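Chain naming here is simple, since letters A, B, ... match the order of the sequence lines and numbering starts at 1 in each. If you're wondering where the values come from, they're calculated on a predicted model, not measured in any experiment.
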Amino acid sequence: MNEQALITDAQGGNLDAFNTLVLHYQDSVFNTALRILGDEDQAADASQEAFISAFKSITSFRGGSFKGWLMRTVTNACYDELRRQKRRPTTPLEPDAGRDDGEEMDSPRWLADPNMTPAQQAEADEVEYAIQHCLNNLPLEFKTVVVMADIQGMDYAEVAIAVHVPLGTIKSRLARARLRLRECLQSFAELLPASYRLEDGIKVS
Amino acid sequence: MNQRDLELLSAYLDGQLNSSESTRLESRLNSDPQLASVLTDLRATRSLLRKLPARRAPRNFILTRKMVGQNPPLPRAYPIFRFATALATLLFIFSFGLNSVGHLAASQAPVYGMGGGGSSAESAQPFSVAPAATEAPTEQAPSAALAPAPTQILTPEITNGAGIIDTPSAKAADSANGINPNQPLAQAEARSPAPLIPSVWQIILAVIAVASAILMVLIRQLSARHWK
């Protein structure tokens, strides 16, 4: 895939060229939205909105990391979705809504990996739940940075483009986000695999 | 541990420190077990996040032309049909309005102009009866009033459509009865004057408007089908 050629064509209004980019990036975009929002349906809506917005404003892309630029539209779409949620809060009907009570969590169908045993699958579900729970408790600006850097594997420069803040701020937010996640994940120590268990007690002054 | 050390450790983990910063931090890590422990924890946290399973998008997010508000290109003649439809519709409505105004003006004209000229029965009645009453004693009225039948001579050559001859005595008799032979026609004309815009023009305008609108729809559909 010649990304630059596709971008140039898309900037000329070629929707087919842009859709090729959509197919290439849609998993990354959806995963980013999912980890920020914590809900599949909302993440799908935000992803669709992000791509529409990206096509309409693609002429503003002046080069550099296209993924970083695209992730900025995703971030904006997620922020819009969260603002909508604040205005019109809804009660989730998912079976894991009462998860805080220690009820059993249903395994999402899209997580099913045919190579995993049921025990491994259950463990993966538990780990994912723990991480998503801790992500949800992070402040939005920390969550966005840690999702892009640690989950999506983007480098600092790309994250800086996506979040539109200086590189130093990215470093600071990422360090603090990791620390908070580490503290939160300690409360799920019994859920985590032995190799992921964390030691107690980091005190930051 | 302070915030600065935390940021250094986090950046070190990602290989974001320059060589001199890395060397300094590594020497501190060798001599400070607590700092090394924090680094281990941060590495484990990052590793946990990176092992989070990547989900596949639940559906394709490819965009349709409708989503992004793109419309199919229309032929260059399309605006002509749009203009014709709009103009014909406007003229059609205008013709109705004009005819209504003309009809209204015609029906109100006697009230302000001819007075007893008689477009309405109410206004015509007193004036048609009064002369008959005043003229009755003079000459033809009595005979007409008393014996109208003998004055009507039925001859094929000079009879009108109703078989009634318009003789002076007959007119006089009509006058005596308050009836003007020409009055019904005049009243009918006054009540429904000829329209300013003939019906045939209205029909033509309607046909143009409808035909242009249908052509516009067809052109749009053909363009959209061809575009796909």
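- Using a 4.5 Å cut-off between heavy atoms, A:N31 contacts chain B through its side chain alone, with no backbone atom that close.
- Residue contact with chain B, scored on non-hydrogen atoms closer than 4.5 Å, is absent for A:Y25.
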Practice prompt. Take A:K171 and B:D14 through the side chain to side chain contact (heavy atoms under 4.5 Å, CB included) test and state the conclusion after the steps.
Written response: CA-CA 10 Å; A:K171 286 180 183 174; B:D14 295 327; over 6 Å; no

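- Under the 4.5 Å side-chain criterion, counting only non-hydrogen atoms from C-beta, A:L34 is in contact with B:R55.
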Worksheet item: Are B:R65 and A:L15 close enough, and set up right, to give a side chain to side chain contact (heavy atoms under 4.5 Å, CB included), and what steps lead you there?
Response: CA-CA 7 Å; B:R65 301 189 192 284; A:L15 192 58; 3.8 Å; yes

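- There is no contact between A:V147 and chain B, counting heavy-atom distances below 4.5 Å.
- A distance of 9.5 Å separates CD in A:E49 from CE in B:M67, rounded to the nearest 0.5 Å.
- Atom-to-atom distance recorded for A:I170:CD1 and B:E7:CD is 11.5 Å, nearest 0.5 angstrom.
- To the nearest 0.5 angstrom, A:C134 atom SG is 9.5 Å from B:L49 atom CG.
- Of all heavy-atom pairs spanning B:F61 and A:Q26, the tightest one is N-OE1, 2.9 Å.
- B:K51 has no carboxylate O lying under 4.0 Å from a charged side-chain N of A:E128, or vice versa, which leaves the two without a salt bridge.
- Of the atoms belonging to A:D16, it is side-chain heavy atoms, and not backbone ones, that fall under 4.5 Å from chain B.
- B:T45 and A:R178 are not linked by any side-chain donor-acceptor pair at a separation below 3.5 angstrom, with hydrogens and angles left out of the test.
- Only the side chain of A:I131 comes within contact range of chain B, judged by heavy atoms closer than 4.5 Å.
- Atoms CD1 and OG1, from A:I52 and B:T64 in turn, are 7.5 Å apart once rounded to the nearest 0.5 Å.
- Donor-acceptor pairing under 3.5 Å is recorded for the side chains of B:R59 and A:Q48.
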